[in-house]
Amino acid sequence: NTQTVNDSSAAVGAFCETRPDLVLLDLHMPPPDGFEVLEEIKDHVPDGDFVPVVVLTADWSEEVKQQALAAGAKDFVTKPFNYAELVLRVENLLHTRILYTELAARTAEAEARLAEARATREREAERARSITDRVKRAIEGDILTMVFQPIIEVGEGAVVGFEALSRFATEPAMAPDIWFREAAEVGLGVDLELAAIERAVIRMADLPGRVFMTLNASPPSIGSPRLAMLLADADPSRVVMELTEHDAIADYSALVDPLAQLREMGVRLAVDDTGSGYASLSHILKLGPEFIKLDRSLVSGADSDPARSALVAALVRFASETGATVVAEGVETAAELAALETLGVHLGQGFLLGRPERLPAGPVDLAQLATT
């Protein structure tokens, strides 16, 4: 579409209203003349936009040409002009405008992506700072506390051990696994795990000498020299390190020396979540744990599902041949407990047998904790 304006005083208003792709402008007109209109049009072109102006004039002088180009004209056509030549010049300028518009759009898109990337980095950095501050408060203050879930001898009902479990007193509440996962994200995973272990080890002195305590630790924590230092102040022979993992173990060889050092101290190893996936079975084969902890997904239904009971029985036989002890986690019904006893499971842990609780101050009376 084209629009013709014969009154130069209305030219700028028409330009602002129609936002044309190209302007053909006669320089010599009644006031305001083409130079003035050109200057005003230039002020109304949005930043980053390209609107070509072709000036038309019968004045051949170099001075006029330079003045027009300096004022913002993109091309200069003298009268009388060749129509075909004018059309070609217009087409070239319109093509240039298209290219300019496409480039501007790509530039704007790139700038938007960069802005979003910067915003994302800032959000991630703020999240990391928030997590770091929160985890440090837990390590240094009283946000992190420990509860202890009894481990019962199946059939006898005697309490033989406790699993130390972390709890975090914050609002809104977050599950412990989220705390440890986020701590690992900001490089404080080992620090938080060792803080929990330190709090748990303190209570070992209140437990009878025959009772062991399982402490959760990821591979990086097991490989930390600080772990051995913490356990040296306790009785390592009563400590069972329960291997947890936020990520898959890519290199088991990195655990060989740390585990050998811990075992020389008398520490034993437990593999958690057996039956929930392939990883735990790999841990058992490669690490030779003293305790094999059956996952709740395997324990649930062991009294009614032949496949589950067969798998439990197979793991019990495997443990017997390798000198390991089987612990069934998540025991919640009497029927499950009876089935586990029949299948030869050695130890049990779960809400039926005792919930995670804080230990009372002073020596623990295990007789009060036996529930079977």
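Worth knowing before you read on, the calculation uses all heavy atoms, side chains too, and leaves out hydrogens, waters and symmetry mates. Residues: numbered from 1 along the sequence shown.
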K.L.:
Check for me, please, whether Leu352 and Leu340 land in the same ILVMFWY cluster - side-chain distances under 4.5 Å, paths through other members count.
P.N.:
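Yes: a chain of side-chain contacts under 4.5 Å links Leu352 to Leu340.
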K.L.:
Got Met241 and Leu231 here, is their nearest side-chain heavy-atom distance under 4.5 Å?
P.N.:
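Side-chain contact under 4.5 Å: yes.
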K.L.:
Quick one: pull up CE in Met174 and CD in Glu182 and give me the separation to the nearest 0.5 Å.
P.N.:
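These two atoms lie 5.0 Å from each other.
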K.L.:
Less than 4.0 Å between a side-chain N and a carboxylate O, is that true for Arg106 and Glu109?
P.N.:
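No, Glu109 and Arg106 are not salt-bridged.
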K.L.:
So, for Ala302 and Ala339, which heavy atoms are closest and what is the spacing to 0.1 Å?
P.N.:
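Taking Ala302 first and Ala339 second, the nearest heavy atoms are O-CB, 3.9 Å.
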K.L.:
Testing Glu163, Gln149, Met146 one by one against Pro356 for a side-chain contact (heavy atoms from CB on, under 4.5 Å), which residue passes?
P.N.:
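Only one of Glu163, Gln149, Met146 forms a side-chain contact (heavy atoms from CB on, under 4.5 Å) with Pro356, namely Gln149.
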K.L.:
Minimum heavy-atom separation for Asp235 to Met204, with atom names?
P.N.:
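Heavy-atom minimum between the residues: O-CE, 4.0 Å.
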K.L.:
Which distance, rounded to the nearest 0.5 Å, do you find between the NE2 of His283 and the CG of Leu269?
P.N.:
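Taking NE2 in His283 and CG in Leu269, the distance rounds to 10.0 Å.
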K.L.:
Decide, yes or no, whether a salt bridge links Arg226 with Asp191 under the criterion of side-chain N to carboxylate O below 4.0 Å.
P.N.:
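Result for this pair is yes, salt bridge flagged.
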K.L.:
Side chains of Ser9 and Asp7: do they bring a donor and an acceptor to under 3.5 Å?
P.N.:
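Result is yes, a qualifying pair exists.
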K.L.:
Assess whether atom CD of Glu63 is packed by more than 12 heavy atoms of other residues, nucleotides or ligands within 6.0 Å.
P.N.:
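No - once you tally the heavy atoms of other residues, nucleotides and ligands closer than 6.0 Å, there are 12 at most.
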K.L.:
Measure across Ala128 and Val186 and return the closest heavy-atom pair with its distance rounded to 0.1 Å.
P.N.:
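It is O-CG1, 3.8 Å.
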K.L.:
Answer yes or no: does atom CZ of Arg19 have more than 12 heavy-atom neighbours from other residues, nucleotides or ligands under 6.0 Å?
P.N.:
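Yes, the 6.0 Å shell around CZ holds more than 12 heavy atoms from other groups.
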K.L.:
Salt bridge check, Arg89 against Glu85: does any charged N sit closer than 4.0 Å to a carboxylate O?
P.N.:
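Here Glu85 pairs with Arg89 in a salt bridge, since their nearest N and O are under 4.0 Å apart.
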K.L.:
Salt bridge between Glu336 and Arg296, side-chain N to carboxylate O under 4.0 Å?
P.N.:
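Yes, Glu336 and Arg296 are salt-bridged.
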K.L.:
Should we say atom NZ of Lys286 is surrounded by more than 12 heavy atoms from elsewhere, each under 6.0 Å from it?
P.N.:
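For Lys286, atom NZ is not crowded (no more than 12 foreign heavy atoms under 6.0 Å).
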K.L.:
Taking the side chain from Asp33 and the backbone from Glu36, do they hold a donor-acceptor pair closer than 3.5 Å?
P.N.:
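Yes.
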K.L.:
Are the side chains of Glu193 and Ser224 in touch, meaning some heavy atoms are under 4.5 Å apart?
P.N.:
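Sidechains of Ser224 and Glu193: no contact.
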K.L.:
Got a second to check how far Glu341's CD is from Glu153's CD, nearest 0.5 Å?
P.N.:
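With rounding to 0.5 Å, CD (Glu341) is 10.0 Å from CD (Glu153).
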K.L.:
For residues Leu165 and Pro176, determine if any side-chain heavy atom of one lies less than 4.5 Å from a side-chain heavy atom of the other.
P.N.:
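Side-chain contact under 4.5 Å: no.
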K.L.:
With the side chain counted from C-beta on, respond yes when Val312 and Leu315 share a heavy-atom pair under 4.5 Å apart, and no when they do not.
P.N.:
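Answer no - side chains too far apart.
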K.L.:
Does some side-chain heavy atom of Phe15 sit less than 4.5 Å from a side-chain heavy atom of Val37?
P.N.:
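The answer is no, as the side chains (C-beta and beyond) never meet within the 4.5 Å cut-off.
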K.L.:
Under 4.5 Å between any side-chain heavy atoms of Leu353 and Leu337, yes or no?
P.N.:
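Yes. Closest side-chain heavy atoms under 4.5 Å.
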K.L.:
Is there a side-chain contact between Leu56 and Lys79 in this structure, where contact means two heavy atoms from C-beta onward sitting under 4.5 Å apart?
P.N.:
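With C-beta onward as the side chain, the pair touches.
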K.L.:
With a 4.0 Å cut-off, would you call Glu126 and Arg129 a salt bridge?
P.N.:
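Salt bridge present between Glu126 and Arg129.
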K.L.:
Quick one: does Asp233's side chain get under 4.5 Å of Val201's, heavy atoms only?
P.N.:
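No - every pair of side-chain heavy atoms lies 4.5 Å or more apart.
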K.L.:
Does this structure show an ion pair linking Arg317 with Glu321, if we count only N-O contacts that are shorter than 4.0 Å?
P.N.:
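The answer is no: the pair does not qualify as a salt bridge.
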